[in-house]
2 protein chains.
Amino acid sequence: MDLDFFELIYNHPLLKKEDYQEIRKAHTKIEFQQGSMLLEIGKIAREFYIIEKGLFRSFLYDYNCNETTTEFYCSNEILIESLSLFQRTSSKENFQAITDAVVWKIEYETFQQLLQTVEGFREWGRTWATSQIFSLKQRSINVLTINATDRYLDLIKERPQIIKQSPLKYIASYLGITDTSLSRIRKEIATS
Amino acid sequence: MDLDFFELIYNHPLLKKEDYQEIRKAHTKIEFQQGSMLLEIGKIAREFYIIEKGLFRSFLYDYNCNETTTEFYCSNEILIESLSLFQRTSSKENFQAITDAVVWKIEYETFQQLLQTVEGFREWGRTWATSQIFSLKQRSINVLTINATDRYLDLIKERPQIIKQSPLKYIASYLGITDTSLSRIRKEIATS
DNA sequence: AAGTACACTTGCCATATGACAAGAAATGCT
DNA sequence: AGCATTTCTTGTCATATGGCAAGTGTACTT
C-alpha cells in the first residue's frame with residue numbers, strides 16, 4: 001500500500017490517518033534514471049524529496065577538485081539540501097541518482113503549509129531536524145576517531161543497501177579514502 | 001559598551017535599538033574559572049550562552065574512550081548543545097572553560113519568547129541555525145579531504161584565538177591527530 | 001630553591017593510506 | 001559474439017600518522 005510508505009517516512013504519534021491522506025495528496029511521484037541529476041550546485045532547491053526506491057548520493061568537489069561523496073540517500077529516506085531549501089540559497093552540492101529511482105516530491109511552499117497547519121507534521125519536522133543535526137555531528141566524530149576499516153564495517157551493518165547498490169568509488173570517497181584502499185580493506189575483511 | 005557586544009552577536013538588519021535593549025535585559029552575566037564545566041554529558045541544557053571573553057571547548061569520549069574535542073567556542077561566539085537545548089534531551093557532550101571566561105546566559109524559555117515576539121530575533125535565529133548546519137557539514141568535508149597540516153594552517157588563519165589560548169592536546173584532538181603529531185607538524189611549519 | 005605536575009618535543013619503529021600503473025573482471029552496446 | 005568502457009584488484013613504493021618512551025621546558029606550590 002502506498003499509504004504505508006508515507007506513514008513510515010512521516011512517522012509520528014501525533015499524526016492521524018486523515019493527516020496522512022493530506023500529506024500524501026501533497027506529494028507527486030517522479031522517476032529518475034540511473035546517473036541523472038536531481039539537483040546541481042548553484043541551483044536553488046525548491047522541493048523536498050522522499051525516496052521510494054533506488055539510491056542517490058550528494059557530492060561536491062574538494063579543494064583539490066576531487067569528487068567527494070558527502071551522503072547517500074536510500075529508499076525510505078529523505079533527500080534534501082536543507083540549506084538551499086530553507087534558506088533559498090544556491091545548492092552547495094550535486095545530487096545524483098546512482099540507480100534508477102522512484103521518488104515523491106513536495107513543493108517547498110506546500111511543505112511549509114503542512115508544517116503550519118498540521119501539528120503532528122510540525123512535531124515530526126522538529127524531530128527530523130534534530131536527528132539531522134545529530135547525524136552531522138556524528139559523522140565528523142566518526143571520521144576523526146574511527147579508522148577506515150571500521151567505518152566501512154559500520155556502513156555494511158547500518159546501511160547495507162549502499163554497499164549493494166553503489167559503485168565502490170563512491171563508497172570510498174564517502175569514507176574519505178581512495179577506491180584502491182577500499183578494495184584492499186574488502187580483501188582484508190574477506191580473508192579474516 | 002556592553003550594547004555593542006549584543007549587537008555584534010545578534011547581528012541582523014531587522015533588529016532595532018529597542019530590540020537590543022530587550023535582548024540585553026534577557027541575559028545574565030556569569031563568570032567561569034579555567035577548567036570548570038559549563039555543561040556535562042547526561043545533563044539537560046537549559047540555557048543559551050554567548051561568550052564575552054575566554055575560550056571553551058566541547059568534548060566527548062570516542063569508542064576507544066579517547067577524549068575528542070568536538071568544537072571550540074571563542075569570545076563573541078555562541079555556545080550551546082543545540083540538541084539538548086531544543087530537544088530537551090540529555091547532553092551528548094561536555095562543555096568546559098579552557099581559560100577564565102565571562103559569558104552571558106539566557107534561559108531557554110526566555111529565548112523562545114524572544115523568538116516568538118521579536119521578528120528580527122526570529123530571523124536572526126533562522127540565519128544562525130543555517131550557519132550552524134553549514135559549519136557541521138563543512139567540518140566533515142574538511143576532515144575527509146584535507147590533511148592535518150592544512151587543517152592546522154586553516155585553524156591558525158581562521159581562529160587564531162584558539163591557537164593562542166588552548167593547550168596543544170585539545171587542538172590535536174580537534175584536528176583528529178595525536179599531540180605528538182601536531183608537535184611535529186608545528187616544527188615542520190616553523191622550519192619551512 | 002627543590003619538588004611536582006603538566007605541556008611540549010624528539011627518536012624510533014609500526015601501521016594506514018596514497019599515488020601510480022598494470023591487469024582482471026564485469027557490464028553495456030552493436 | 002566481439003569490442004569498448006567502466007569497475008575492481010593487485011603490485012610497488014612513498015608519505016602521513018600513531019604508539020611508546022625518554023627528554024626538555026615551564027609554571028605553580030611550598
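Numbers restart at 1 for each chain; the letters A, B, ... are given by sequence-line order, proteins then strands.
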Would a line drawn from the ring center of Tyr10(B) to the ring center of Phe121(B) be shorter than 6.0 Å?
-> yes

Using ring pair (Phe, Tyr, Trp, His ring centres under 6.0 Å) as the criterion, point out the one residue from Phe111(A), Trp104(A), Phe6(A) that pairs with His27(A).
-> Phe6(A)

Salt bridge check: are Lys137(A) and Glu81(B) linked by an N-O gap of less than 4.0 Å?
-> yes

Quickly work out the Arg186(B) CZ to dA7(C) C1' distance and round it to whole Å.
-> 10 Å

Does Lys187(A) have a side-chain nitrogen or oxygen under 4.0 Å from the phosphate oxygens OP1 or OP2 of dT9(D)?
-> no

Give a yes/no verdict on a cation-pi contact between Arg151(A) and Tyr174(A), requiring under 6.0 Å between NZ or CZ and the six-membered ring centre and an angle within 45° of the axis.
-> no

For Leu79(B), the rest of its hydrophobic cluster, which grows through side-chain links under 4.5 angstrom | Ile30(B), Phe32(B), Leu38(B), Leu39(B), Tyr49(B), Ile51(B), Phe56(B), Tyr73(B), Phe95(B), Val103(B)

Begin from the C-alpha positions of Lys105(B) and Glu52(B) and carry the test salt bridge (Lys or Arg N to Asp or Glu O under 4.0 Å) through to its verdict.
-> CA-CA 11 Å; Lys105(B) 74 172 183 188; Glu52(B) 185 180 324; over 6 Å; no

Geometric cation-pi criterion, Arg88(B) with Tyr108(B): 6.0 Å, 45° = yes

Would the Phe134(B) and Trp128(B) ring centres measure less than 6.0 Å apart?
-> no

Considering only heavy side-chain atoms of Ala148(B), the closest of dT10(D), dT10(C), dT17(D) is dT17(D)

Is there a salt bridge (Lys or Arg N to Asp or Glu O under 4.0 Å) between Glu67(B) and Arg57(B) once you walk through the steps?
-> CA-CA 12 Å; Glu67(B) 229 185 74; Arg57(B) 68 176 184 128; 2.8 Å; yes

Gap between atoms CG and C1', on Asn66(B) and dT17(D) respectively (whole Å) = 14 Å

What is the distance, rounded to the nearest whole Å, between atom CD1 of Ile185(A) and atom P of dT15(C)?
-> 16 Å

Non-neighbouring partners of Gln116(B) that pass side chain to side chain contact (heavy atoms under 4.5 Å, CB included), sequence neighbours left out | none

Euclidean distance, atom CD1 of residue Ile189(B) to atom C1' of dT9(C) [Å, nearest integer] | 15 Å

Between its two end axes (five pairs each) the helix from dA1(C)-dT30(D) to dT30(C)-dA1(D) turns, nearest 10 degrees, through 40°

Nearest-Å distance for atom pair CG/C1', residues Asn147(A) and dT17(D) | 13 Å

Of all residues at least two apart in sequence or in a different chain, which pass the side-chain hydrogen bond (donor to acceptor under 3.5 Å, both in side chains) check with Tyr170(A)?
-> none

Whole angstrom value for the distance that separates P of dT17(D) from CG of Leu144(A) = 13 Å

Name every residue in residues 150-172 of chain A that has at least one heavy atom under 4.0 Å from any atom of DNA chain D, in order of residue number, or write none if there are no such residues.
-> Pro167(A), Leu168(A), Lys169(A)

Treat primed atoms plus P, OP1 and OP2 as sugar-phosphate and everything else as base, then score nucleotides 18-30 of chain D 5' to 3': B for base contact with protein heavy atoms under 4.0 Å, S for sugar-phosphate contact only, - for none.
-> SBB----------

Calculate the interatomic distance between Ile146(B) atom CD1 and dA16(D) atom P; express it in whole Å.
-> 16 Å

